[in-house]
Amino acid sequence: MLQRLALGELTVGDLAEPLTMSLAAASKHVKVLERAGLIRRTVDGRRHVCRLQPAPLASALAWFRFYDRHWNERLDALEVLFRTDASSADPAADADADASSADPIPADPIPAEEH
């Protein structure tokens with residue numbers, strides 16, 4: 001529903017049409033999205049017109065990007081540790097470990113104000 005509303009406003013009926021759900025079920029979904037602040041619904045006679053409110057999605061995206069970056073850094077550092085451990089057990093792997101050196105795991109990559 002949100003993806004379709006990103007293209008422009010639609011009535012609840014328009015939102016329900018391509019989905020395998022009743023108009024009543026679509027209306028319930030719309031109410032949940034409304035309470036979450038993701039859409040705004042206006043009533044024009046019998047038509048309930050919905051439009052996307054993208055601001056909450058932007059803050060969620062920023063949160064996901066932060067943690068995506070955080071976990072990618074942590075997993076990269078873990079990979080370095082595994083390669084280092086493997087190279088100490090296998091002298092032939094020393095060349096691979098030297099070629100892929102990276103920073104060790106940082107103490108705490110999350111700023112204190114975000115804890």
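From a predicted model like this one, the values you see are computed outputs, not experimental measurements.
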**Asked** Side chains of Asn72 and Asp68: do they bring a donor and an acceptor to under 3.5 Å?
**Response** yes
**Prompt:** To the nearest 0.5 Å, how far apart are CD in Glu73 and CG in Leu78?
**Reply:** 13.5 Å
**Prompt:** Transitive ILVMFWY cluster of Val49 at side-chain heavy atoms under 4.5 Å: who else is in it?
**Reply:** none
**Request:** Fit a plane to each ring of Tyr67 and Trp63, take the angle between them on a 0 to 90° scale, and name the class: parallel (under 30°), tilted (30 to 60°) or perpendicular (over 60°).
**Result:** tilted
**Residue pairs, two or more places apart or on separate chains, that pass side chain to side chain donor-acceptor pair (under 3.5 Å) and touch residues 5-34** = Glu9-Arg51, Thr11-Asp14, Glu34-Arg41
**Message:** Could you list the cluster mates of Leu19? Members are the ILVMFWY residues connected by side-chain heavy atoms closer than 4.5 Å, either directly or through other members.
**Reply:** Met1, Leu2, Leu5, Leu10, Val12, Leu15, Met21, Leu23, Val30, Leu33, Leu38, Ile39, Leu52, Leu57
**Request:** Return the minimal non-hydrogen interatomic distance between Ala26 and Ala16, and the atom names on each side.
**Result:** CB-CB, 3.3 Å
